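Keep in mind that what you see is a predicted model, and the values were worked out from it rather than measured.
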Amino acid sequence: MSNTERTYIMIKPDGVQRGLVGKIIARFEERGFKIVALKMAHPTEDHLRKHYADLANKPFFPGLVKYMASGPVIAIVFEGLDAVKTGRAMLGATNPLASPIGSIRGDFALAVGRNICHGSDSVESANKEIDLWFPEGITSWKSVYEGWLYE
């Protein structure tokens, strides 16, 4: 376990349009994660096809790509202990109806196709997604709180 593990979190167009960006970022920061990369982007369909390449054979893929290209997203890299696993737990299940109250999707999302956020599902996926969304790289920095957060 490393406290420098990174995960990629993307606030989808529904989260941006509904003004949930600050609330979502606050939950990760309050949990102890630090931001090492952040930007707003309006992705192209080509970029999204690369991001969601593992879903290309699914029947919902064309609609997903079209929806995700319909507006701006917020691309974020968070760093911290077990960032991928914890980030997924914080988001909740893909289907908001299966997400507990207290999770991001459980509190804010209503439908599978408009489920507020994307989160990396493994360290390997996170690394690929970070490289895709932040080709310019990320910022490494040390928080003064790290001594109080980690043993």
Please confirm whether the backbone N or O of [Y] pairs with a side-chain atom of [X], one donor and one acceptor, at under 3.5 Å?
X	Y	answer
N115	T94	yes
S99	A93	yes
S103	M90	no
N3	G80	no
E5	V123	no
R105	G92	yes
R49	V65	no
H118	I11	no
S125	D121	no
W133	H51	no

When you look at CH2 of W148, are more than 12 heavy atoms from neighbouring residues, nucleotides or ligands closer to it than 6.0 Å?
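Not more than 12 within 6.0 Å, no.
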Neighbour count >12 (heavy atoms, 6.0 Å) for atom NZ, K39:
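More than 12 heavy atoms, drawn from other residues, nucleotides or ligands, come within 6.0 Å of this atom.
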Shared hydrophobic cluster for [X] and [Y] (ILVMFWY, side-chain gaps under 4.5 Å):
X	Y	answer
L38	V84	no
M10	M40	no
F134	W141	yes
F60	L48	yes

Test: K23 cationic atom under 6.0 Å from F108 six-membered ring centre, within 45° of axis:
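Geometry flag: not set, cation outside 6.0 Å or 45°.
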Cation over ring, R114 on Y67, under 6.0 Å and within 45°?
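Cation-pi check for R114 and Y67: passes.
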Value rounded to 0.5 Å, distance of [atom1] in [X] from [atom2] in [Y]:
X	Y	atom1	atom2	result
E79	I35	CD	CD1	12.0 Å
I76	Y8	CD1	OH	8.5 Å
L81	Y150	CG	OH	6.0 Å
S122	K85	OG	NZ	13.5 Å
L132	N127	CG	CG	12.5 Å

Please report the shortest heavy-atom distance between [X] and [Y], naming the atom on each side.
X	Y	value
R6	S140	NH2-OG, 3.6 Å
I116	A109	CG1-CB, 3.6 Å
P43	V73	CD-CG2, 3.9 Å

Take R27 and D107 through the salt bridge (Lys or Arg N to Asp or Glu O under 4.0 Å) test and state the conclusion after the steps.
CA-CA 12 Å; R27 287 188 182 206; D107 289 351; 2.6 Å; yes
Among I9, V16, I24, whose side chain to side chain contact (heavy atoms under 4.5 Å, CB included) with I74 holds?
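Going through the options one by one, the only one that passes is V16.
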Could you tell me whether K50 and E45 make a salt bridge, using a distance below 4.0 angstrom between a side-chain N and a carboxylate O?
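Looking at E45 together with K50, the answer is no, because their closest N to O distance does not fall below 4.0 Å.
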Salt bridge flag under 4.0 Å for residues E146 and K142:
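Yes, charged N to carboxylate O under 4.0 Å.
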Mind checking whether [X] and [Y] have side chains closer than 4.5 Å, heavy atoms only?
X	Y	result
K34	F28	no
C117	K12	no
T86	F33	yes

Examine the side chains of E129 and S120 and answer whether a donor and an acceptor come within less than 3.5 Å of each other.
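On atom types as modelled, these side chains qualify, holding a pair under 3.5 Å.
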CA sep, side-chain torsions, deciding dist, call: I25, V21, side-chain contact (heavy atoms from CB on, under 4.5 Å):
CA-CA 6 Å; I25 290 173; V21 173; 3.8 Å; yes
